[in-house]
Amino acid sequence: MTPRPKPLPRSFYLDSPEIVARNLLGKLITRTLNGERLTGRITEIEAYLGLNDPASHSFIGKTARNAVLFGPPGFSYVYFIYGMHYCLNFSCGPAGEPDGVLIRSLQPVEGLATMARLRGLSGPINPKLLCSGPGRLCQAMGITLAENNLDVTRAKSPLCVLDDGFRPASIKATPRIGISKAVDLPLRFVATLD
DNA sequence: AAGCGGATCGTCT
DNA sequence: GACGATCCGCTTG
């Protein structure tokens, strides 16, 4: 029997990004948009190791864009890339340590019809095409720069991460996608749900 | 089935 | 003024 979904506390995000990333697999992200709840379960995530990681946005030091990563853990870091897409991250590690995790894929749970509409898809819904990919999941959940720097530990936040007791069947680690530095580190984590 | 390039703009040099 | 933690559609084989 699955407990009622409960927001993950700030302490959850205090660990190293590798640990936080692994532990976030199988957790729920709920986006409240115009009074409707859009929910997905995290199936793919990457860890970015801040000042120690040339692939991290924070590697170059603090700027206006990456400032959230330098703040306390458990906040959303949203950025715009390639002139087309938004990507969703969560800050982790203690304040001052600019680590983060990039959400790469969700299994849609709630609000599939709205997700399909936001994605511009028509016809029969293929759940696989809704939230698989960092740009896609932001489009499906209506996440833009307006959703940067939200506290995802608060139940009433428009963006919140919940634990419903689900645990992934298995987890594998692979190199990260789409980066040009530190390409070999196994910091991408993919869950098998079941 | 896999590879190419276009779209499109915020962010930093 | 260049480029990117991407996606999609069109091409080719």
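Throughout, protein chains are lettered first and strands after them, A, B, ... in sequence-line order, and every chain is numbered starting at 1. Below, all heavy atoms of this structure are taken into account, side chains as well, without hydrogens, waters or symmetry copies.
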Measure CE/A/M84 against P/C/dA5 and give the value in whole Å, please.
16 Å
Flag the pair A/D53 and A/K181 as a salt bridge only when some basic side-chain nitrogen lies within less than 4.0 angstrom of an acidic carboxylate oxygen.
no
Pairwise distance CD(A/E18) to CG(A/D99) - rounded to 0.5 angstrom:
8.0 Å
Can you measure A/L69 atom CG to C/dA5 atom C1' for me and round it to whole angstrom units?
11 Å
Atom CD1 of A/I103 and atom P of C/dT6: how far apart are they, to the nearest Å?
14 Å
Between atom CD1 in A/I60 and atom P in B/dT11, what is the gap in whole Å?
12 Å
Is it the case that B/dA7 (base atoms only) and A/Y82 (side chain only) share a donor and an acceptor within less than 3.5 Å, ignoring hydrogens and angles?
no
First encountered from the 5' end of DNA chain C, between A/H85 and A/S180
A/S180
Can A/L187 and A/E46 be said to form a side-chain contact (heavy atoms from CB on, under 4.5 Å), step by step?
CA-CA 6 Å; A/L187 293 175; A/E46 286 176 357; 5.7 Å; no
By the 4.0 Å heavy-atom rule, please label A/R188 as base, sugar-phosphate, or nothing.
nothing
Verify the contact: side-chain N or O of A/R136 to OP1 or OP2 of C/dC8, cut-off strictly under 4.0 Å; return yes or no.
yes
If we ignore angles and hydrogens, is there a donor and acceptor under 3.5 Å between the side chains of A/T32 and A/R37?
no
Base partner of C/dA5, which must satisfy Watson-Crick or wobble distances under 3.5 Å
none
Closest-nucleotide 5' rank along DNA chain B - winner of A/N66 and A/G83
A/G83
For the base of C/dA5 and the side-chain ring of A/Y48, does the geometry meet a stacking cutoff of under 5.5 Å between centres and under 30° between planes?
yes
Which comes earlier along DNA chain C counting from the 5' end, the contact point of A/Y77 or that of A/L129, where each point is its nearest nucleotide?
A/Y77
Paired with B/dT8 by Watson-Crick or G-U wobble geometry, both distances under 3.5 Å: which nucleotide is it?
none
Does A/R65 reach a base, just sugar-phosphate, or nothing at all? Heavy atoms under 4.0 Å.
sugar-phosphate
Separation of B/dC9 atom P from A/Y86 atom OH, nearest Å, is 9 Å
Rounded to the nearest angstrom, tell me the gap between atom CD1 in A/I81 and atom C1' in B/dG10.
10 Å
Expressed as a whole number of angstroms, how long is the span from A/E44:CD to C/dA5:C1'?
12 Å
Is any NZ, NE, NH1 or NH2 atom of the basic residue among A/R31 and A/E36 found under 4.0 Å from an Asp or Glu carboxylate oxygen of the other?
no
Within the 4.0 Å heavy-atom criterion, would you say A/L102 contacts the bases, only the backbone, or no part of the nucleic acid?
base
Could you please name the option among B/dC9, B/dT11, C/dT6 that lies closest to any side-chain atom of A/T63?
B/dT11
d(CG, A/L137; P, C/dC8) in whole Å
12 Å
